[in-house]
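Letters go in sequence order (proteins before strands), and every chain restarts at 1.
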Amino acid sequence: GAVVSQHPSRVICKSGTSVKIECRSLDFQATTMFWYRQFPKQSLMLMATSNEGSKATYEQGVEKDKFLINHASLTLSTLTVTSAHPEDSSFYICSARPSGGWNEQFFGPGTRLTVL
Amino acid sequence: LAKTTQPISMDSYEGQEVNITCSHNNIATNDYITWYQQFPSQGPRFIIQGYKTKVTNEVASLFIPADRKSSTLSLPRVSLSDTAVYYCLVGDQAGTALIFGKGTTLSVSS
């Protein structure tokens with residue numbers, strides 16, 4: 001099946017710093033990628049939809065200036081958590097839907113962010 | 001987007017068949033039904049997808065009645081490694097995001 005990677009797999013940073021998370025589709029092109037956040041013992045919450053070559057669409061309650069999304073190519077989307085705070089500590093997961101009408105959505109392995 | 005309802009948790013023993021039912025009363029004509037499995041600290045993994053009737057692959061079967069208002073994921077002969085959270089989602093092919101419900105936590109014991 002199609003593979004989605006994320007880098008880094010885990011990151012620890014100090015409060016106030018910015019962290020960039022990469023999401024790559026390794027063997028397919030993805031016009032659209034999605035970013036989710038998951039807190040312990042909870043389900044995945046959609047943060048934003050990332051479209052190649054255009055601005056991301058953010059879900060209600062998600063600050064676009066805090067969670068910067070860039071989808072510069074058909075295989076790469078990045079999420080930057082700016083001025084991170086401890087409450088941003090979470091498991092961030094991306095997913096990608098192959099271009100060309102596929103109905104499946106493939107998820108990355110996730111990135112564990114811990115803000116001290 | 002159609003909302004889904006699943007049992008919060010289920011318990012089973014190794015070797016048993018497990019059936020997890022999901023309700024999606026407001027499913028749209030273009031919506032497919034997809035099930036994902038998630039282990040702790042991992043991304044969700046695709047299990048199976050269907051539109052109507054029955055779909056079977058090497059790991060599971062998916063039963064969808066004619067009215068499509070529910071679906072049942074069947075896991076034959078579960079093992080300890082099937083302990084995970086299982087999510088039922090509905091969505092169309094238009095590139096819209098999948099919205100996750102609470103999922104079903106399956107615990108398999110020996």
Residue of the set A/Phe91, A/Tyr92, A/Tyr36 for which ring pair (Phe, Tyr, Trp, His ring centres under 6.0 Å) holds with A/Phe107: A/Tyr36
Which atoms form the tightest heavy-atom contact between A/Trp35 and A/Gln6, and what is the distance? CZ3-NE2, 4.2 Å
For residues B/Ala60 and B/Pro76, report the shortest heavy-atom separation together with the two atoms involved. CA-CD, 4.4 Å
Is any side-chain N of the basic residue among A/Lys66 and A/Asp88 closer than 4.0 Å to the acidic one's carboxylate O? yes
Please rank B/Pro40, B/Ser41, B/Gly101 by heavy-atom pairs under 4.5 Å with chain A and give me the top one. B/Ser41
Take the angle between the ring planes of A/Phe28 and A/Phe106 and call it parallel below 30°, perpendicular above 60°, tilted in between.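 Tilted.
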Within 6.0 angstrom of A/Phe39 CZ, more than 12 heavy atoms from elsewhere: yes
If the contact rule is any heavy atom under 4.5 Å from chain B, which residues of residues 67-76 of chain A qualify, in numerical order?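 From residues 67-76 of chain A, none sit under 4.5 Å of chain B.
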Using non-hydrogen atoms and a 4.5 Å limit, figure out which bit of A/Ile93 sits close to chain B: side chain, backbone, both or neither.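 Just the side chain, heavy atoms under 4.5 Å.
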Please tell me whether A/Ser18 and A/Thr80 have a donor and an acceptor in their side chains that are separated by less than 3.5 angstrom.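 There is no such pair between these side chains.
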